[in-house]
2 protein chains.
Amino acid sequence: MMKMNDVAKLANVSPATVSRVICHPELVSEETRSKVLEVINQVNYKPHIVARQFRTQKTRNILVVVPDITSAFFSKVLRGIEHVALKNGYQVILGDTENNIEREKDYVDLLLQKQVDGMILLTARQDKVRLEELSTQFPLVLACEYIDGLNVPTVSIDNVSSARKATEHLISLGHTKIAHISGSINVILSRDRLRGFKQAMMSQNLEVESSYIQEGDFKFESGYHQMMKLLALEVPPTAVFAFNDEMALGAIKAAKDSGVNVPNDLAVVGFDNIKMSSINEPSITTIDQPKYEIGKKAMEILLKLINNQELHNKKIVFKDELIVRGSTRKEIDVKETLEMV
Amino acid sequence: MMKMNDVAKLANVSPATVSRVICHPELVSEETRSKVLEVINQVNYKPHIVARQFRTQKTRNILVVVPDITSAFFSKVLRGIEHVALKNGYQVILGDTENNIEREKDYVDLLLQKQVDGMILLTARQDKVRLEELSTQFPLVLACEYIDGLNVPTVSIDNVSSARKATEHLISLGHTKIAHISGSINVILSRDRLRGFKQAMMSQNLEVESSYIQEGDFKFESGYHQMMKLLALEVPPTAVFAFNDEMALGAIKAAKDSGVNVPNDLAVVGFDNIKMSSINEPSITTIDQPKYEIGKKAMEILLKLINNQELHNKKIVFKDELIVRGSTRKEIDVKETLEMV
DNA sequence: CTGAAAGCGCTTACAG
DNA sequence: CTGAAAGCGCTTACAG
């Protein structure tokens with residue numbers, strides 16, 4: 001395999017000059033440069049990137065830790081990160097934790113071992129103190145998930161108020177028996193959306209019955225099972241707010257399998273506005289998060305941290321939007337217009 | 001930041017011994033080892049992995065090039081790869097091409113630049129000669145997609161026969177006016193499934209009308225639009241075989257929006273058996289691919305290539321399975337049993 | 001079982 | 001504008 005030294009010899013220059021042609025061409029005379037480039041092309045020389053990484057102590061890799069790579073939500077966020085990374089010459093290393101906190105911790109070691117220049121966490125379930133310490137030493141950004149009172153750059157929406165908005169929508173339709181299928185309750189996002197739910201209920205003096213709160217695990221199947229439980233109650237709810245669209249999808253399936261009509265017998269609100277929420281029949285009322293933009297912004301902030309640029313704002317809170325669709329709209333338009341790009 | 005040399009001094013040994021404690025502990029005496037480990041823990045020393053990569057000329061990174069990270073199909077394949085990689089101490093670097101052939105080519109450079117020890121391509125749309133050459137120099141595996149007559153290890157199903165099977169299912173239901181929504185026709189998979197479709201039609205002496213073949217681009221939206229075109233024909237088809245479930249989902253939505261009942265007026269078959277195909281109403285008849293196993297096997301083969309182990313079989317062809325569901329089953333079970341894990 | 005020394009392939013501060 | 005030289009932090013063949 002051709003090395004820089006070999007190229008240098010062929011071009012009758014020093015390795016330093018070859019390096020400059022590749023990394024700082026403006027420092028080399030036009031003549032030398034084209035001579036060297038010709039040799040590079042001729043022998044198809046590719047610099048040994050690991051050697052460069054080692055020499056410069058920069059990898060141009062960043063790590064993104066995702067709780068679930070198969071989720072439609074996170075893959076959109078990833079896209080945003082990816083685009084900004086690529087445009088700035090960074091590779092994305094993907095760490096999929098599959099919602100396992102130990103694996104989340106393991107990935108952090110990649111930072112300590114200098115395998116990556118920075119890290120974006122889309123899941124923040126580990127020790128707060130450790131993360132805070134880490135972020136004083138390394139470029140680190142949280143996105144989507146966050147930790148209360150943590151002094152680390154964070155990009156997200158306001159989950160409490162979004163959940164409140166979703167619940168208020170159900171209340172405004174006249175529902176009083178409203179249930180919530182939460183996410184895993186050890187995750188802050190789940191607690192925040194649950195809090196928003198309770199706030200909306202309480203401010204209308206509506207009872208929050210404990211059997212109306214069922215803990216899911218973000219997945220379709222748990223949405224299905226928890227909805228089945230809710231429907232089996234002596235007094236089943238007439239409306240349900242699910243932590244995310246995937247569980248809302250499961251809840252709707254459970255209703256159908258139980259002969260319960262959505263939205264007439266049961267109104268359902270989801271969260272995230274994944275593509276399936278508009279495709280499903282009925283389409284699902286949901287909270288739209290700017291997934292791509294969250295990813296984009298998180299990467300932009302990470303770049304600033306890596307380049308030691310000043311951060312004007314440590315917490316970025318994006319706006320979300322309630323999108324009302326068939327799962328809460330009693331007058332169903334059979335020919336609902338297809339929502340597509 | 002603590003270096004190996006610092007640890008060595010603190011433990012009163014040479015750096016070589018510290019290195020051995022970390023990489024080959026069996027070569028070090030029990031006493032020395034525990035002394036060194038104590039220091040390592042005390043100062044929380046983490047080896048500089050890039051230095052190690054540089055020294056050993058092995059990165060323990062592998063690259064997976066995916067055509068679309070947001071696809072439910074590919075993320076399952078990724079999981080299989082990931083699990084085997086992790087178990088063997090490899091990190092996965094993700095290259096998302098977004099179906100762009102130039103980006104596919106760019107990712108290949110990571111191999112030439114020695115940033116990764118090997119590569120799994122889930123998309124193979126670039127120059128055959130180049131790939132073949134590459135695979136003689138570097139560990140390289142194709143999975144899902146492949147190239148005809150290419151002498152590179154490949155893991156996939158037999159797409160021609162699967163497509164034939166899917167089409168024969170429609171024929172066996174009495175359909176004669178059968179359409180096909182293909183994938184992008186510059187991709188071999190699309191051509192293979194189209195070929196299987198034609199084979200099934202011709203062997204039954206059924207006409208393959210050119211207007212019955214519509215080229216999509218793998219996405220929901222194109223399934224929708226192409227189905228709309230098919231339904232607008234003077235003699236619309238009574239059945240359609242879509243390249244994948246995502247487009248089948250789009251086709252079904254188009255039928256619904258046009259007041260065409262699935263499966264009574266239009267039977268639909270998809271491909272891949274993504275989760276949504278069982279959730280959708282009607283659930284979708286499809287070809288199940290062993291997604292996770294394909295990923296797993298591809299990574300196992302890559303490991304063999306990396307370790308210079310012998311390969312018994314360059315082409316692995318997995319079995320697929322036709323799963324008959326509501327989109328082709330006229331007697332609809334309202335209480336269809338939910339298929340879940 | 002342990003240490004001294006070489007070297008992986010680049011980049012860059014320094015000198016000219 | 002260009003070159004000689006140092007050095008990034010490890011691992012391993014060699015010697016003892």
Side-chain angles (χ1 to χ4, degrees), chain A residues 1-40 43-61 89 91 109-117, chain B residues 1-40 43-61 89 109-117 138:
Chain A
M1 188 110 278
M2 193 67 56
K3 293 174 206 174
M4 187 172 275
N5 204 23
D6 304 322
V7 173
K9 277 181 190 151
L10 286 171
N12 272 318
V13 295
S14 72
T17 297
V18 177
S19 174
R20 284 192 201 100
V21 167
I22 294 169
C23 301
H24 309 286
E26 70 283 1
L27 297 179
V28 183
S29 77
E30 164 61 29
E31 197 192 338
T32 313
R33 200 192 318 153
S34 63
K35 186 172 62 178
V36 171
L37 283 175
E38 201 177 330
V39 174
I40 287 178
V43 303
N44 194 27
Y45 167 72
K46 300 283 176 189
H48 190 297
I49 300 297
V50 173
R52 175 189 293 168
Q53 291 173 345
F54 177 53
R55 171 58 229 237
T56 61
Q57 301 289 75
K58 302 255 172 280
T59 64
R60 296 231 140 215
N61 288 154
Q91 290 298 327
D109 278 346
L110 294 191
L111 253 189
L112 302 175
Q113 297 170 151
K114 310 269 201 173
Q115 281 200 77
V116 294
D117 295 347
Chain B
M1 189 108 280
M2 193 64 58
K3 292 175 207 174
M4 187 171 275
N5 204 24
D6 304 323
V7 174
K9 276 179 191 152
L10 287 170
N12 271 317
V13 295
S14 70
T17 296
V18 177
S19 174
R20 284 193 201 99
V21 167
I22 294 168
C23 302
H24 309 286
E26 71 284 1
L27 297 179
V28 183
S29 77
E30 164 62 30
E31 197 193 339
T32 314
R33 200 192 317 154
S34 63
K35 186 173 61 180
V36 172
L37 283 175
E38 200 177 330
V39 175
I40 287 178
V43 302
N44 194 26
Y45 166 72
K46 300 282 176 189
H48 190 298
I49 299 297
V50 174
R52 175 189 292 168
Q53 290 173 346
F54 177 55
R55 170 59 229 233
T56 60
Q57 301 289 74
K58 302 256 171 279
T59 64
R60 295 231 140 216
N61 287 154
D109 278 347
L110 295 191
L111 253 190
L112 302 175
Q113 297 170 152
K114 310 269 202 175
Q115 281 201 77
V116 294
D117 295 347
F138 300 98

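Chain identifiers are assigned alphabetically (A, B, ...) following the order of the sequence lines, protein sequences preceding nucleic acid strands; residue numbering begins at 1 within each chain. Just so you know, these numbers come straight off a predicted model, no measurement behind them.
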Problem - Contacting residues from residues 23-40 of chain A, given that a heavy atom lies under 4.0 angstrom of DNA chain C - result: A:C23, A:H24
Exercise for the section: Considering only atom P, compute the distance from C:dA5 to C:dC1 and round it to an integer number of Å. Expected result: 23 Å
Exercise for the section: Using a 4.0 Å heavy-atom cut-off across all strands, classify B:S19 as base, sugar-phosphate, or nothing. Expected result: base
Practice task
Rounded to the nearest 0.5 Å, what's the gap from OG1 on A:T59 to CG on A:L110? Could you check?
Solution key: 10.0 Å
Practice task
Provide, to the nearest angstrom, the distance between the CG atom belonging to A:L112 and the P atom belonging to D:dG9.
Solution key: 16 Å
Can you give me the N/O atom pairs linking the protein to nucleotides 13-16 of chain C at distances under 3.5 Å, or say none if there are none?
| residue | atom | partner | partner atom | Å |
| --- | --- | --- | --- | --- |
| C:dA13 | N6 | A:R20 | NH2 | 3.2 |

Exercise for the section: Provide, to the nearest angstrom, the distance between the NZ atom belonging to B:K46 and the P atom belonging to D:dC10. Expected result: 13 Å
Completion exercise
Here the distance between atom P of C:dC10 and atom CZ of B:R55, to the nearest Å, is 16 Å
Practice task
Give the minimum heavy-atom separation between A:S14 and A:A8, together with the two atoms involved.
Solution key: C-CB, 3.7 Å
Handout entry: Pairing string, 5' to 3', for DNA chain D - Watson-Crick or wobble contacts under 3.5 Å, brackets [ ] where pairs cross, | to another strand
Key = |||.||||||||.|||
Practice task
Calculate, to the nearest 0.5 Å, the distance between atoms CD and CD belonging to B:Q115 and A:Q53 respectively.
Solution key: 5.0 Å
Exercise for the section: Would you please confirm or rule out a distance under 4.0 Å between OP1 or OP2 of D:dG9 and any side-chain N or O of B:Y45? Expected result: no
Exercise for the section: Check the pair A:V13, A:V21 against side-chain contact (heavy atoms from CB on, under 4.5 Å), reporting the backbone distance first and the verdict last. Expected result: CA-CA 11 Å; A:V13 295; A:V21 167; over 6 Å; no
Practice task
Report the distance from atom CD of A:Q53 to atom P of C:dT11, rounded to the nearest whole Å.
Solution key: 11 Å
Handout entry: Closest listed nucleotide, where the reference is the side chain of A:T56 and the choices are D:dG9, C:dT11, C:dC10
Key = C:dT11
Problem - Min side-chain heavy-atom separation B:V43-B:D6 under 4.5 Å - result: no
Problem - DNA chain D contacts made by residues 3-14 of chain B, counting heavy atoms under 4.0 Å - result: B:K3, B:M4
Fill in the blank from the handout: Heavy-atom closest pair (B:Y45 atom, B:K3 atom, distance to 0.1 Å) is CE1-C, 3.6 Å
Exercise for the section: State the CE-NZ distance between A:M1 and B:K114, to the nearest 0.5 angstrom. Expected result: 6.0 Å
Problem - Inter-residue atom distance B:N61.CG - A:Q91.CD, 0.5 Å rounding - result: 10.5 Å
Problem - Residues in salt bridge (Lys or Arg N to Asp or Glu O under 4.0 Å) contact with A:E26, at least two apart in sequence or another chain - result: none
Handout entry: For atom NZ of A:K114 and atom P of D:dC10, their distance in whole Å
Key = 10 Å
Practice task
For residues 29-38 of chain A, pull every pair meeting salt bridge (Lys or Arg N to Asp or Glu O under 4.0 Å), keeping only residues two or more places apart or in separate chains.
Solution key: A:E30-A:R33
Practice task
Return no unless some side-chain N or O of A:Q57 is found under 4.0 Å from OP1 or OP2 of C:dT11.
Solution key: no
Practice task
Figure out the CE/P separation between B:M2 and D:dG9, and round it to whole Å.
Solution key: 13 Å
Fill in the blank from the handout: Tightest non-hydrogen contact, residues B:L112 and B:F138, listed as CD2-CE1, 3.5 Å
Completion exercise
Here the gap from A:I22 atom CD1 to A:T17 atom OG1, rounded to the nearest 0.5 Å, amounts to 11.0 Å
Problem - Rounded distance in Å - CD (A:Q115) to P (D:dC10) - result: 13 Å
Handout entry: For atom CZ of A:F54 and atom C1' of D:dC8, their distance in whole Å
Key = 4 Å
Practice task
To the nearest 0.5 Å, tell me how far B:N12 CG sits from B:T32 OG1.
Solution key: 11.0 Å
Problem - A:H24 side chain vs A:L27 backbone, donor-acceptor pair below 3.5 Å - result: no
